[in-house]
Colleague: 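Mind having a look at this structure? Questions to follow.
Bear in mind the structure is a predicted one, so any value in this text is a computation, not a measurement.
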Amino acid sequence: MPKSRIRKKADYTPPAAKQTTALKLTSRSWVAPVMLALFLIGLAWIVVFYVTDGKLPIDALGNWNIVAGFGFIAAGFGVSTQWK
């Protein structure tokens, strides 16, 4: 049986050196305070609604005050997606 040809491997050449690029991180120092403020406003809205037996924060909303409180909390979670 004939022998197969031996292929000569090419010498290893390292890849060209990459130049590092500086990452520009924008300042998002406003995210954490706004997020926490929205969480606390939503929580306070719901607590005030329950403590006052539905008279406050807005009497005309009735039980929709709970939805408004959870809306503030959901907005806080929305803002939290911007945190880096």
Side-chain angles (χ1 to χ4, degrees):
M1 175 173 256
K3 287 189 173 184
S4 63
R5 281 195 235 157
I6 299 174
R7 295 183 197 153
K8 183 180 179 192
K9 293 183 180 179
D11 293 334
Y12 174 75
T13 56
K18 294 181 181 180
Q19 291 183 354
T20 58
T21 57
L23 295 175
K24 182 182 177 187
L25 297 175
T26 58
S27 174
R28 300 210 180 195
S29 59
W30 58 271
V31 173
V34 171
M35 176 184 66
L36 291 175
L38 287 171
F39 286 154
L40 292 176
I41 290 170
L43 179 65
W45 192 289
I46 294 170
V47 168
V48 167
F49 174 72
Y50 277 115
V51 169
T52 62
D53 291 329
K55 302 287 185 218
L56 290 176
I58 301 175
D59 191 25
L61 287 180
N63 286 336
W64 284 97
N65 279 302
I66 298 170
V67 175
F70 277 113
F72 279 110
I73 294 171
F77 279 113
V79 170
S80 72
T81 63
Q82 299 299 315
W83 195 3
K84 290 188 179 188

Colleague: V67, I46: one ILVMFWY side-chain cluster at the under-4.5 Å cut-off?
Modeller: yes
Colleague: Checking F39 now: which residues fulfil ring pair (Phe, Tyr, Trp, His ring centres under 6.0 Å) with it, not counting sequence neighbours?
Modeller: F77
Colleague: So, for L38 and V79, which heavy atoms are closest and what is the spacing to 0.1 Å?
Modeller: CD1-CG2, 3.8 Å
Colleague: Sorted by first residue and then second, give each side chain to side chain donor-acceptor pair (under 3.5 Å) pair with at least one member in residues 49-78; sequence neighbours left out.
Modeller: W45-N65
Colleague: Is any side-chain heavy atom of R28 closer than 4.5 Å to a side-chain heavy atom of W83?
Modeller: no
Colleague: Apart from V47 itself, what residues make up its hydrophobic cluster, given side-chain heavy atom links below 4.5 Å?
Modeller: L43, V51
Colleague: Do L61 and I66 sit in the same hydrophobic cluster, where Ile, Leu, Val, Met, Phe, Trp and Tyr count as joined when their side-chain heavy atoms come under 4.5 Å apart?
Modeller: yes
Colleague: Kindly indicate whether the side chain of I73, heavy atoms from C-beta on, has any atom under 4.5 Å from the side chain of F70.
Modeller: yes
Colleague: Of all the heavy-atom pairs spanning S80 and M35, show the shortest one and how long it is.
Modeller: CB-SD, 3.1 Å
Colleague: Are F49 and L56 side-chain neighbours, meaning at least one heavy-atom pair lies under 4.5 Å?
Modeller: no
Colleague: Under a single-linkage rule joining Ile, Leu, Val, Met, Phe, Trp and Tyr whose side-chain heavy atoms are separated by less than 4.5 Å, which residues share a cluster with Y12?
Modeller: none
